[in-house]
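The chains referred to below are lettered A, B, ... by the order of the sequence lines, with proteins before strands, and numbering in each begins at 1. Just the heavy atoms: all of them, side chains too, but no hydrogens, waters or symmetry mates, feed the values below.
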Number of protein chains: 2
Amino acid sequence: MHLGRHISGQFNVELESIRTHVLTMGGLVEQQLSFAMQALHKDDADLARKVVRDDHKVNAMEVSIDEACTRIIAKRQPTAKDLRLIMAIIKTITDLERIGDVATKIAYVTIESPSPKESKFRVSLEPLCRQAIAMLHQVLDAFARMDLESAAEVYRLDDKLDAEYEAVIRQLMTYMMEDPKNIPHILQVMWSARAIERVGDRCQNICEYIIYFVKGKDVRHLGKQSIDDILK
Amino acid sequence: MHLGRHISGQFNVELESIRTHVLTMGGLVEQQLSFAMQALHKDDADLARKVVRDDHKVNAMEVSIDEACTRIIAKRQPTAKDLRLIMAIIKTITDLERIGDVATKIAYVTIESPSPKESKFRVSLEPLCRQAIAMLHQVLDAFARMDLESAAEVYRLDDKLDAEYEAVIRQLMTYMMEDPKNIPHILQVMWSARAIERVGDRCQNICEYIIYFVKGKDVRHLGKQSIDDILK
């Protein structure tokens with residue numbers, strides 16, 4: 001893919017290598033979320049423990065990509081679009097790392113589950129988690145191609161995730177009221193639902209970085225309407 | 001304060017100006033948190049609405065400092081310690097902006113409070129919020145002086161905040177079980193407690209950036225023991 005010409009071919013190679021690492025990190029995070037959801041679905045504590053164990057890999061990737069970005073700035077003194085790409089990457093990996101933390105959080109719901117009969121409380125997390133994974137998948141795809149239109153689509157998906165989240169919370173509140181002794185466990189499920197809903201926000205952040213890279217405009221905090229206007 | 005020598009005096013001036021802006025942003029965020037807590041304490045919906053209204057100022061500062069950092073990288077091609085300072089700033093302002101969002105969240109608890117008699121549920125937020133503000137204040141001070149020891153102290157304070165948070169959650173759970181019809185409102189208070197607890201984590205992040213700047217070592221994800229070892 002063409003991302004601008006460089007005097008130095010080596011620079012290009014280095015930039016591409018960082019981009020590839022970001023996508024690898026994104027793939028790993030997506031897998032972590034997906035395993036966490038499977039573990040929840042099958043009440044598979046072993047798989048959940050694997051997710052917790054593997055979180056350090058996501059963390060290590062964040063640190064090493066950050067290092068690579070700092071090194072390339074110091075060595076290559078990028079400007080304009082190259083610099084925007086590096087800035088977008090530095091911010092993207094922070095969000096990816098936090099999404100990795102969400103996978104761990106969901107994994108703990110399975111690990112600490114009191115007994116199979118409480119599993120009905122967490123059934124509702126599945127469609128929510130599935131939607132979040134789909135958003136993440138699509139935003140990584142948009143990032144790989146630096147595709148504005150696809151980014152804008154993901155951005156809009158967050159409303160659906162929010163609506164699903166509200167429904168899950170209402171449902172869980174009903175369970176709480178029906179049987180207050182389950183409140184502690186249901187609360188843990190609620191924290192996870194909340195964390196999954198935040199995955200959507202983080203995907204939106206990544207969309208904003210894509211827009212920043214392509215359009216050179218920082219659209220954070222501008223709201224949906226302004227973003228739609230910019231993408232027109 | 002001495003932060004390294006530069007060939008260009010102008011560069012120094014620009015760097016200092018960015019640092020000053022970060023501290024101004026930090027001061028504003030601290031004020032927002034503090035107003036949000038006062039509003040909660042006095043049931044002052046007007047003050048709470050002011051907090052919500054002023055959040056855009058925090059957001060605007062994040063965007064403008066980020067721009068200044070990108071500009072200085074492109075124009076001055078910093079390396080070594082100067083570049084680390086800029087990287088530390090870019091990450092710090094993300095955390096500051098999110099702490100600003102927490103203030104807004106707490107403000108909404110006051111604004112949407114169903115009736116004064118429910119205020120007992122949110123009394124427990126005050127000591128938690130006070131501790132978080134103290135942590136933020138101290139970490140900003142450490143940032144201003146790039147003081148490792150002070151940063152390490154703030155880092156350790158988070159355990160106290162976590163313990164206070166656990167106590168608040170247990171208390172709120174008891175309220176829920178006693179009177180399930182209050183669950184929706186208590187949940188909102190719980191979300192806020194959670195958000196305040198996260199302020200501590202974000203202050204810890206800023207400590208890590210201070211260590212990164214001073215020591216040139218990325219200590220994220222290393223855990224408390226390793227950080228203690230580095231600071232020895």
Practice prompt. Answer with side chain, backbone, both or neither: which region of B:D55 has an atom nearer than 4.5 Å to a non-hydrogen atom of chain A?
Written response: neither

Discussion item. Less than 4.5 Å to any heavy atom of chain B: does that hold for the side chain of A:D218, its backbone, both, or neither?
Written reply: side chain

Fill in: A:H221 and B:E62, any side-chain heavy atoms less than 4.5 Å apart
yes

Worksheet item: How many angstroms lie between atom CD1 of A:I169 and atom CH2 of B:W191, to the nearest 0.5 angstrom?
Response: 4.5 Å

Worksheet, complete the sentence: For B:A74 and A:T79, the nearest pair of non-hydrogen atoms, with its separation, is O-CG2, 3.8 Å

Item to complete: Check whether A:E178 gets within reach of chain B through its side chain, its backbone, both or neither, counting any heavy atom under 4.5 Å.
Response: neither

Practice prompt. Could you give me the CA-CA distance, side-chain angles and deciding distance for B:R220 and A:N59, then say whether side-chain contact (heavy atoms from CB on, under 4.5 Å) is met?
Written response: CA-CA 8 Å; B:R220 289 176 297 179; A:N59 297 343; over 6 Å; no

Discussion item. If we define contacts as heavy-atom pairs under 4.5 Å, which of A:H56, A:R76, A:R170, A:Q77 has the most with chain B?
Written reply: A:Q77

Discussion item. If you apply the rule side-chain contact (heavy atoms from CB on, under 4.5 Å), what do you find for A:K91 with B:D66, and how did you get there?
Written reply: CA-CA 11 Å; A:K91 289 178 188 295; B:D66 242 337; 2.8 Å; yes

Worksheet entry | Distance, nearest 0.5 Å, that separates OH of A:Y212 from OG1 of B:T70 | 4.0 Å

Discussion item. Quick check on A:I90 against chain B: is it the side chain, the backbone, both or neither that has a heavy atom closer than 4.5 Å?
Written reply: both

Discussion item. So for A:N205, is it side chain, backbone, both, or neither that comes closer than 4.5 Å to the heavy atoms of chain B?
Written reply: side chain

Practice prompt. Pick one of side chain, backbone, both or neither for B:M177, based on which atoms fall under 4.5 Å of a heavy atom in chain A.
Written response: both

Worksheet, complete the sentence: If one checks every heavy atom of A:M87 against chain B at 4.5 Å, the contacting part turns out to be side chain

Fill in: Side chain, backbone, both or neither of B:E67 within contact of chain A (heavy atoms, under 4.5 Å)
neither

Discussion item. What part of A:R194 gets within 4.5 angstrom of chain B, counting heavy atoms only: side chain, backbone, both, or neither?
Written reply: side chain

Item to complete: Answer with side chain, backbone, both or neither: which region of A:K75 has an atom nearer than 4.5 Å to a non-hydrogen atom of chain B?
Response: neither

Item to complete: State the CE-CG distance between B:M173 and A:L187, to the nearest 0.5 angstrom.
Response: 5.5 Å

Item to complete: Answer with side chain, backbone, both or neither: which region of A:P78 has an atom nearer than 4.5 Å to a non-hydrogen atom of chain B?
Response: backbone

